[in-house]
Chemist: 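My questions will all concern the structure given below.
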Amino acid sequence: MKMGKKISKCPECGSKKLYWDRSRGEVICKACGFVIEERLIDFSQEWREFDSEQGESRRRVGSPLTFTKHDKGLSTKIGKAGDLTKMTPSERRMYYRMRKWQTRISTPIERNLKFALAELKRIASFLDVPKIAEEDAAMIYRMAAEKGLVRGRSMESVVAGALYAACRRHGVPRTLDEISHAFPLDKKEIGKTYRFICRELRIRILPTSPQDYVQRFASELKLKPKTVSKAVEIIKKANKLEITSGKGPMGIAAAALYVAALLSGEKKTQRDVADVAGVTEVTIRNRYKELLEKLKLEDQIKKIREK
DNA sequence: AAGACGAAAGTGGTTGA
DNA sequence: TCAACAACTTTCGTCTT
């Protein structure tokens with residue numbers, strides 16, 4: 001397949017931090033949210049076969065290894081019924097024995113994984129989680145299951161916790177709210193198990209940055225790219241002035257978007273922004289006030305108001 | 001009438017003794 | 001284990017457009 005020239009820089013802002021969202025097939029600039037290319041196809045290698053010998057050696061046999069199947073995609077099933085009639089009695093006895101062992105070999109953990117991963121798959125596609133993060137979530141769940149951390153907790157909550165952790169690790173955070181809506185679970189529960197698995201599995205997760213959320217919130221609000229980059233700009237400045245530490249990243253992202261929208265004449269109400277960001281208007285107001293003060297934006301806002 | 005603003009009281013989680 | 005604490009929420013009244 002023919003590839004276009006390789007992109008390494010964002011044409012909009014020049015940043016090199018690009019993020020390939022596989023689930024959407026888009027390359028997005030992490031700094032300003034600019035969508036650089038859409039409808040990308042899998043770049044991974046594909047061989048062509050010229051004769052049968054090459055076919056043997058090059059063909060990628062079976063599906064790739066994956067953590068999202070309970071046996072990592074390597075399932076081999078021992079055949080049953082149908083062909084039994086053609087067997088000699090001794091062969092038949094052997095097959096029965098093998099089948100018996102196969103079912104025995106699947107430990108309680110394996111069986112549990114099967115259900116959990118099915119659930120994970122369902123939720124991940126519902127929430128549009130990129131494949132990499134889904135894989136990671138599956139791996140985390142597997143590790144948790146093997147350590148016996150699921151005991152005493154509902155399977156769903158551990159799946160949710162793993163998914164939440166994986167999303168954060170990959171810089172594509174979903175809010176606790178979103179995840180809790182996809183499961184019949186409440187936020188508290190998920191947060192709790194999330195922290196628990198992180199502690200037990202020694203998973204280090206950096207606090208999320210508001211920038212990670214800006215992109216998603218903005219697209220839900222249908223804001224123009226220019227406004228989005230303005231919001232990112234604002235967050236960067238706020239970071240420098242150290243008014244972002246200790247504050248909820250979602251609140252900051254929301255406030256930055258609100259300000260950016262005001263400044264570029266795409267006015268959104270606090271209510272609108274608050275809803276998609278999952279925070280209250282009050283929080284936006286508080287952050288907004290800080291932003292105006294510290295970034296000296298009052299004059300600009302006033303000008304807009306007068307128009 | 002809707003949106004923005006702010007005060008007051010409440011919530012859940014972290015921290016430090 | 002408990003209390004202090006910061007961030008955030010909920011609620012509600014007031015002001016502005």
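A note on names: the letters A, B, ... follow the listed sequences, proteins ahead of strands, and every chain is numbered from 1.
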Chemist: So, are A:Glu233 and A:Lys236 salt-bridged, with charged N and O less than 4.0 Å apart?
Modeler: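 Salt bridge: no.
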Chemist: State the CG-NZ distance between A:Asp272 and A:Lys222, to the nearest 0.5 angstrom.
Modeler: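 Nearest 0.5 Å value for the CG-NZ distance: 11.0 Å.
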Chemist: Taking atom CG of A:Leu127 and atom NE2 of A:His181, what is their separation to the nearest 0.5 Å?
Modeler: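 So the CG of A:Leu127 and the NE2 of A:His181 are separated by 11.0 Å.
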Chemist: Does anyone know the first and last nucleotide of DNA chain B in reach of chain A, 5' to 3', at under 4.0 angstrom to a heavy atom?
Modeler: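 Nucleotide range with atoms under 4.0 Å of chain A: B:dG3 to B:dT14.
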Chemist: Distance check, rounded to the nearest 0.5 Å: A:Phe217 atom CZ versus A:Met250 atom CE?
Modeler: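 Those atoms lie 5.5 Å apart.
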Chemist: Rounded to the nearest 0.5 Å, what separates atom CG in A:Asp275 from atom CD in A:Gln270?
Modeler: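 Going from the CG atom of A:Asp275 to the CD atom of A:Gln270 covers 11.5 Å.
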Chemist: Just to be sure I understand: a Watson-Crick pair is purine N1 to pyrimidine N3 plus N6-O4 or O6-N4, both under 3.5 Å. Using that and G-U wobbles, which stems of three or more pairs involve DNA chain C?
Modeler: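 Result, WC/G-U stems under 3.5 Å: B:1-11 with C:7-17, B:13-17 with C:1-5.
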Chemist: Will you find, in the side chains of A:Tyr141 and A:Asn112, an N or O donor that is under 3.5 Å from an N or O acceptor?
Modeler: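 Short answer, yes.
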Chemist: If only side-chain N and O atoms of A:Arg287 are considered, is one of them under 4.0 Å from the OP1 or OP2 phosphate oxygen of C:dA7?
Modeler: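 It does not, given that no N or O in the side chain of A:Arg287 lies less than 4.0 Å from OP1 or OP2 of C:dA7.
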Chemist: Let me spell it out: for each of A:Lys268 and A:Val282, pick the nucleotide of DNA chain B with the closest heavy atom. Which residue's pick is nearer the 5' end?
Modeler: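 Its nearest nucleotide lies further toward 5', so the answer is A:Lys268.
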Chemist: Between A:Arg285 and A:Arg195, just flag the one whose closest nucleotide in DNA chain B comes earlier from the 5' side.
Modeler: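 Of the two residues, A:Arg285 wins.
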Chemist: Figure out the CD1/C1' separation between A:Ile284 and C:dC8, and round it to whole Å.
Modeler: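 To the nearest whole Å, that distance equals 12 Å.
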Chemist: Can you tell me how far apart CD (A:Glu290) and CD1 (A:Ile252) are? Round to the nearest 0.5 Å.
Modeler: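 The CD1 atom of A:Ile252 is 8.0 Å from CD of A:Glu290, to the nearest 0.5 Å.
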Chemist: Taking NZ, NE, NH1 and NH2 as the nitrogens, is one of them in A:Glu266 or A:Lys226 under 4.0 Å from a carboxylate oxygen of the other?
Modeler: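 No, no charged N to carboxylate O under 4.0 Å.
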Chemist: Could you tell me whether A:Lys187 contacts a base, only the sugar-phosphate backbone, or nothing, with contacts defined as non-hydrogen atoms closer than 4.0 Å?
Modeler: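 It contacts nothing in the nucleic acid.
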Chemist: Rounded to whole Å, how long is the line connecting atom CD of A:Glu281 with atom P of C:dT10?
Modeler: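 These atoms are roughly 10 Å apart.
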Chemist: Within the structure shown, what part of the strands sits under 4.0 Å from A:Thr269 by heavy-atom distance: base, sugar-phosphate, or nothing?
Modeler: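 Here A:Thr269 touches the backbone only, sparing every base.
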